[in-house]
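Every chain is numbered from 1, with letters handed out A, B, ... down the list of sequences.
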Protein chains: 2
Amino acid sequence: MSTLVKIRAMRDSMSNHEQRIADFVLENVESVRAQSSKALAEQVGVSQSSVVKFSQKLGYKGYSDLKLSLTESVARSAMLPKAIHGDIAADDDLATVAQKLIARKNLALNETVMANSEKVLLQSAETLLSAKRILLFGVGASSLVARDVAYKLMKLGKSVLVENDTHVQVANAATLGQGDVVFAISESGVTQDVIRVAQAAASQGAEVISLTRFARNPLTELATHSLFCVANESEARSSSILARTAQFMITDLLFILLSQRDEKANELFERSRQAVKVLRRDS
Amino acid sequence: MSTLVKIRAMRDSMSNHEQRIADFVLENVESVRAQSSKALAEQVGVSQSSVVKFSQKLGYKGYSDLKLSLTESVARSAMLPKAIHGDIAADDDLATVAQKLIARKNLALNETVMANSEKVLLQSAETLLSAKRILLFGVGASSLVARDVAYKLMKLGKSVLVENDTHVQVANAATLGQGDVVFAISESGVTQDVIRVAQAAASQGAEVISLTRFARNPLTELATHSLFCVANESEARSSSILARTAQFMITDLLFILLSQRDEKANELFERSRQAVKVLRRDS
DNA sequence: ACACGATACCAATTTTTTATTCCTAATTTT
DNA sequence: AAAATTAGGAATAAAAAATTGGTATCGTGT
């Protein structure tokens with residue numbers, strides 16, 4: 001669904017007419033696929049050139065390119081396990097809730113993977129692998145994800161900094177420089193604390209990897225590598241369950257990539273596992 | 001793959017030049033998708049009109065239509081669950097790793113739900129709902145899950161204790177009594193620290209909810225309500241990714257059950273969300 | 001073997017579609 | 001309020017696709 005996700009993500013930063021095109025496309029994907037730019041323009045009530053410009057603004061070469069990519073994503077998403085639609089309702093019974101939750105998590109996982117470019121993922125992995133030091137952080141719920149990544153990176157023998165206190169974070173960031181990496185996690189991408197730290201680090205020459213929702217936001221602007229989460233968290237009830245699920249998808253994926261790359265990984269990992277085993281027995 | 005199948009099926013009943021076009025398309029699906037009829041014609045060494053006729057003979061409106069349908073089938077087949085089975089290998093490429101990871105997470109989610117009895121899940125929810133105080137803990141990676149649950153319970157207005165330091169945990173447990181609940185998370189179910197705390201709490205009359213791997217273990221023996229995770233973590237490489245995924249499945253499920261039950265939940269939750277929003281804007 | 005119809009194929013042309021350019025109006029910035 | 005940037009459309013250029021018309025080729029029946 002990547003193209004549709006992209007359109008949805010950029011919708012809010014679009015102009016009047018562009019939004020109208022976006023809405024129409026989102027509503028009528030199927031019919032758009034078979035229409036020419038002129039026909040679409042007429043239906044929406046804008047000029048043909050606007051449709052072409054809309055396509056180009058989304059990053060496509062032109063309208064044909066958009067259409068191609070649109071059919072591609074539609075075909076892709078049609079192959080995904082059909083999720084039970086509709087939000088989890090207050091009177092759903094346990095089995096239904098469980099089923100819906102699984103379906104939604106699954107959708108978040110799939111869409112998150114599709115929302116990210118292979119290139120950026122691989123580059124991020126390389127960057128982390130060759131980093132001298134890695135500063136991880138996130139605010140609120142994301143801080144747990146940051147901490148999880150930190151544990152994993154430690155297992156790989158990386159030098160890692162995690163810290164909840166934002167003041168300490170800024171202080172830490174100030175000590176970073178060339179060859180160091182900041183991994184910033186923020187669902188919204190607008191949290192000031194995170195931006196401040198990223199800014200501090202970037203200005204010292206450290207690389208910044210961001211993990212945010214799939215939309216333009218201040219954090220991605222700062223980042224050297226932007227990773228994205230897709231979580232269609234329509235209702236408040238679900239808290240940030242899906243956002244977290246999506247974040248972990250990316251961090252887990254990165255971790256696996258790192259393990260694959262780092263030849264010493266398995267050895268070191270095994271050693272640390274043994275150490276824990278010993279501890280467990282002793283205590 | 002339907003389009004490619006169709007081409008292959010009709011290939012034999014085609015004329016000389018048409019077969020040449022068919023062969024080229026079958027060999028170079030990817031590049032054809034981006035080519036115009038003229039370009040394709042040149043590559044194959046036939047006229048542009050032949051390419052159009054070829055498309056029409058296959059049942060498409062024209063060349064563009066064929067191209068669209070071609071990308072569609074390619075996308076479809078790319079999405080087909082390829083090598084779902086088998087571990088993630090060191091030389092799997094990114095797409096494969098992602099697919100396998102999703103498949104494994106999905107399996108963990110489903111099996112975890114199936115491993116738990118509805119009754120225990122519902123009882124656990126009720127227990128948490130009516131608890132005076134809730135002490136949460138887990139060791140290592142599980143401690144993050146505990147913390148996540150703590151955040152969510154706080155949003156619901158529950159009185160929660162989370163603590164990493166095991167000594168403090170024991171001290172905390174000692175203060176618990178009738179009406180209090182311990183939520184203990186431990187993948188193995190044998191970690192001494194966890195058991196000690198659970199024991200202390202249980203002896204004071206507090207209820208114990210355990211979340212462990214799906215097997216008999218000391219912790220479930222102690223627990224009033226035993227919840228289980230299923231994570232087929234065959235290889236070391238995956239670290240505790242699947243275990244964590246499974247643990248979150250259960251805690252997320254519990255959280256939703258609680259939200260459903262607690263009428264005040266949405267209101268309180270909304271309030272806390274607003275508070276965070278304000279903070280964000282100020283800072 | 002030859003004529004007949006059918007099909008294959010291409011070049012040229014027409015039609016359709018797409019992309020660009022250039023201009024105006026609106027909006028934002030200074 | 002002036003300047004600069006941006007949104008959007010009309011007109012046009014460019015490109016691509018589809019049709020046409022005609023010749024060559026193939027197969028079939030006589």
*Report the C-alpha separation of Asp92(B) and Lys100(B) in whole Å, then their side-chain angles, then the decisive distance to 0.1 Å, and conclude whether the side chain to side chain contact (heavy atoms under 4.5 Å, CB included) test is met.*
CA-CA 10 Å; Asp92(B) 280 344; Lys100(B) 283 186 179 174; 2.7 Å; yes
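Val46(B) comes within 4.0 angstrom of sugar-phosphate atoms only, judged by non-hydrogen atoms across all strands, and of no base.
Thr212(A) and Ser210(A) share no side-chain donor-acceptor pair at under 3.5 Å. With 3.5 Å as the limit, one finds a donor-acceptor pair spanning the side chains of Thr3(B) and Ser69(B). Side-chain atoms of Thr127(A) and Ser124(A) include no donor-acceptor pair closer than 3.5 Å.
Listed nucleotides dC10(C), dA18(D), dG9(D) differ in distance to Gln56(B); the shortest reach to its side chain belongs to dA18(D). Of the candidates dT20(D), dG9(D), dA7(D), the closest approach to any side-chain atom of Ser50(A) belongs to dG9(D).
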Expected string for nucleotides 11-17 of chain D under the B/S/- scheme (protein heavy atoms, under 4.0 Å, primed atoms plus P, OP1, OP2 as sugar-phosphate) is -----SB
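The distance from atom CD of Glu18(A) to atom C1' of dA7(D) is 8 Å, rounded to the nearest whole Å. Remark: C1' of dC23(C) and NZ of Lys53(A) are 10 Å apart, rounded to the nearest angstrom. One interatomic measurement links the two molecules: CD of Gln19(A) to P of dA7(D), which rounds to 12 Å at whole-angstrom precision. Residue Leu40(A) contributes atom CG, which lies 13 Å from atom C1' of dT18(C) at whole-angstrom precision. Rounding to whole angstrom units, NZ of residue Lys61(B) and P of dT16(C) are separated by 11 Å. Following rounding to the nearest Å, Arg20(B) (CZ) and dA8(C) (C1') show an atom-to-atom distance of 12 Å. Straight-line distance from the CG atom of Leu68(A) to the C1' atom of dT18(C): 14 Å, rounded to whole Å. dG9(D) atom C1' lies 17 Å from atom CZ of Phe54(A), rounded to whole Å.
When the ring-ring contact (aromatic ring centres under 6.0 Å, His included) test is applied to Phe214(A), the partners found at least two apart in sequence or on another chain are Phe228(A). With sequence neighbours excluded, the residues forming a ring-ring contact (aromatic ring centres under 6.0 Å, His included) with Phe248(A) are Phe248(B), listed by chain and number. Checked against side-chain contact (heavy atoms from CB on, under 4.5 Å), Ser186(A) has the following partners two or more places apart in sequence or in another chain: Ser188(A), Thr191(A), Val194(A), Leu219(A). Judged as a side chain to side chain donor-acceptor pair (under 3.5 Å), and not counting sequence neighbours, the contacts of Lys105(B) are Asp252(A).
For the OP1/OP2 pair of dT6(D) and a distance below 4.0 Å, the side-chain nitrogens and oxygens of Ser15(A) include no atom meeting the criterion. Checking the phosphate oxygens (OP1, OP2) of dA8(C), a side-chain nitrogen or oxygen of Lys57(B) falls inside 4.0 Å.
Near DNA chain D, defined here as any heavy-atom distance below 4.0 Å, there are no residues from residues 21-33 of chain B.
Heavy atoms of other residues, nucleotides or ligands lying less than 6.0 angstrom from NZ of Lys38(B) number 12 at most.
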